[in-house]
Amino acid sequence: MNDTKDTQPRISQVDLYIDDAELDAIKPSIAKRWLTEGPNAAELTEEIKKLSETRYAVFAPNGTLGLYLGLLALDLPKGSEIIIPSFTFYGSAMSAVFADLKPVFVDCYEDTYNIDLEDLERKITPQTSAIMPVHIYGQVCDIQGVMEIAKRHGLKVLEDAAQSFGVHFDGQHSGTFGDIAMFSFFSDKVVTMGEGAVLFTQDEQLYERLRLLRNQGRPNSGTFVHPELGMNFRITDLHAAIGLSQLKKLPEIRKRRTQLWDMYRDALWDTGDLRFMSVHPKSEVIPFRVPVTTAQRDDLAAWMQAHAIDTRSFFYPMHLQPKLRSEPPQSLPVSEKLSEQGFCLPVHQHIKDADVERICQVIRQFFSR
Ligand SMILES: Cc1ncc(COP(=O)(O)O)c(C=O)c1O
């Protein structure tokens with residue numbers, strides 16, 4: 001037994017990697033008295049374009065609104081169906097509901113947790129207008145497979161790339177495959193602006209639509225003649241300044257998260273029934289989380305909590321959400337099993353090697369009781 005359990009400092013599951021670099025980054029905006037989207041956002045756009053090789057990029061205030069903006073730009077028929085994996089964050093589904101679309105949920109693969117292509121194809125009907133594949137936990141789903149199905153059925157694709165900034169599939173940056181893609185910069189993301197998101201498109205017309213929709217129906221601010229309908233999806237230049245600072249840290253973040261991921265796997269690969277997420281052979285991974293499954297999830301999570309180690313459970317499936325479930329409820333067994341058996345181990349820049357050793361020891365103790 002571990003009798004040090006009450007005396008050890010708590011290890012959090014997520015923690016931000018922000019410091020004086022971000023503080024220094026926002027100071028010039030204050031000194032210049034410029035707060036709304038401006039020079040920092042323009043610079044960040046160029047940096048993101050260089051890093052990802054996307055043709056076009058525009059910001060949104062957060063990922064959920066970013067998906068909503070992307071759906072508005074795609075101009076899909078009202079009431080048409082959009083296929084979304086059930087194993088995702090609520091915001092994916094909500095963006096569709098608020099855009100007057102009908103989400104149709106599909107299952108995922110048990111090894112990669114990403115969209116099941118056979119189930120996706122089964123769920124396509126004459127009412128389907130689009131697919132929203134989601135790249136889960138820092139890897140990219142089989143996006144080439146999704147694009148092939150979409151092309152064959154004449155469907156639009158909005159990639160929910162909230163969790164896959166900086167991650168490539170077959171050498172190509174995630175989010176550059178679909179018609180539009182969204183990356184979230186929420187506080188727990190690998191690169192953060194606190195809140196915020198960026199949308200990619202490779203299509204000039206879609207880019208122009210996104211620009212008009214996000215800026216009150218006009219291409220640039222400074223005029224009160226609005227040629228199109230539009231809302232306000234701008235960000236602030238303070239957020240962009242933080243984004244610029246975070247982007248410089250991405251190589252270091254990628255390196256450390258990969259080290260932590262490897263350390264966990266090396267230490268725990270043969271421990272009880274614990275299973276790590278597999279990564280698609282064509283996908284890179286920047287571990288946004290370190291997700292694992294075990295039939296004893298609740299007991300293990302409670303054990304770790306008692307040993308001052310925070311964990312995080314997986315998503316609750318969309319097809320069972322109180323406001324989204326059908327009657328009788330649909331069955332998507334893999335999403336349900338993941339939700340019951342999955343949880344995430346701590347991963348962030350403040351985790352020391354010794355923390356990983358302690359976490360792994362506590363887990364091994366649990367399985368050898
Ligand atoms: C897969 C996925 N989609 C959408 C979102 C929504 O992004 P945001 O929190 O920036 O609104 C998130 C989460 O943050 C997410 O993980």
Side-chain angles (χ1 to χ4, degrees), residues 13-14 16 44 48 57-72 82-99 101 103 105-109 112-115 130-141 143 146 157-167 169 174-175 177-178 180-200 214 231 233-236 239-240 242-243 246 257 277 283 285-291 312-319 321 324 335 338-339 342-344 347-348:
Q13 200 269 318
V14 291
L16 275 73
L44 183 58
I48 288 174
V58 298
F59 294 108
N62 59 60
T64 309
L65 284 175
L67 289 171
Y68 175 62
L69 173 63
L71 292 172
L72 295 184
I82 179 164
I83 299 185
I84 304 176
S86 181
F87 190 68
T88 184
F89 180 65
Y90 199 50
S92 317
M94 282 302 101
S95 67
V97 170
F98 279 78
L101 301 170
F105 299 114
V106 298
D107 219 347
C108 56
Y109 294 126
T112 63
Y113 315 164
N114 270 300
I115 189 164
I131 307 170
M132 185 190 291
V134 184
H135 307 308
I136 290 290
Y137 293 152
Q139 67 165 309
V140 184
C141 77
I143 188 66
V146 172
V157 174
L158 172 56
E159 285 179 70
D160 182 341
Q163 305 182 354
S164 67
F165 189 75
V167 189
F169 188 91
S174 61
F177 294 83
I180 298 181
M182 179 287 293
F183 299 84
S184 166
F185 296 128
F186 178 61
S187 292
D188 69 349
K189 297 297 181 284
V190 164
V191 165
T192 183
M193 308 195 315
E195 297 280 356
V198 68
L199 275 74
F200 287 4
R214 70 186 294 279
M231 304 276 285
F233 288 89
R234 295 188 304 269
I235 60 167
T236 76
H239 286 90
I242 292 173
Q246 288 271 300
R257 282 182 179 253
M277 175 180 77
S283 178
V285 60
I286 301 182
F288 166 56
R289 307 264 187 248
V290 175
R312 166 187 297 245
S313 60
F314 279 12
F315 301 121
Y316 188 64
M318 292 306 112
H319 71 283
Q321 293 287 348
L324 297 173
S335 303
L338 287 177
S339 162
F343 76 128
C344 303
V347 61
H348 52 80

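Numbering of ligands and ligand atoms starts at 1, following listing order. Only this structure's heavy atoms are used, side chains among them; waters, hydrogens and symmetry mates stay out. A quick note: this is a predicted structure, and the numbers were derived from the prediction, not measured.
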Open item on the list: Using a 3.5 Å distance criterion without hydrogens, assess whether the side chain of N114 forms a donor-acceptor pair with backbone atoms of C108.
Closed with: no

Open item on the list: Students often mix this up, so state it plainly: with edges at 30° and 60°, are the rings of Y137 and F314 parallel, tilted or perpendicular?
Closed with: tilted

TODO: Look only at the side chain of S95 and the backbone of S92, and say whether a donor-acceptor pair between them is shorter than 3.5 Å.
DONE: yes

- [ ] Give the ring-plane orientation class for F183 versus F165, where under 30° counts as parallel, over 60° as perpendicular and anything between as tilted.
- [x] perpendicular

Could you check ligand 1 for N or O atoms lying under 3.5 Å from protein N or O atoms and list the pairs with distances?
{"from": "ligand 1", "atom 1": "3 (N)", "to": "D160", "atom 2": "OD1", "distance (Å)": "3.2"}
{"from": "ligand 1", "atom 1": "3 (N)", "to": "D160", "atom 2": "OD2", "distance (Å)": "2.7"}
{"from": "ligand 1", "atom 1": "10 (O)", "to": "G63", "atom 2": "N", "distance (Å)": "2.7"}
{"from": "ligand 1", "atom 1": "10 (O)", "to": "S184", "atom 2": "OG", "distance (Å)": "2.8"}
{"from": "ligand 1", "atom 1": "11 (O)", "to": "G63", "atom 2": "N", "distance (Å)": "3.2"}
{"from": "ligand 1", "atom 1": "11 (O)", "to": "T64", "atom 2": "N", "distance (Å)": "2.9"}
{"from": "ligand 1", "atom 1": "11 (O)", "to": "T64", "atom 2": "OG1", "distance (Å)": "2.7"}
{"from": "ligand 1", "atom 1": "14 (O)", "to": "K189", "atom 2": "NZ", "distance (Å)": "2.6"}
{"from": "ligand 1", "atom 1": "16 (O)", "to": "Q163", "atom 2": "NE2", "distance (Å)": "2.8"}

Open item on the list: Surrounding CZ of F98 (heavy atoms of other residues, nucleotides or ligands, distance under 6.0 Å), is the total greater than 12?
Closed with: no

Open item on the list: When you measure from the side chain of E195 to the backbone of P61, do you find a donor-acceptor pair of N or O atoms at a distance under 3.5 Å?
Closed with: no

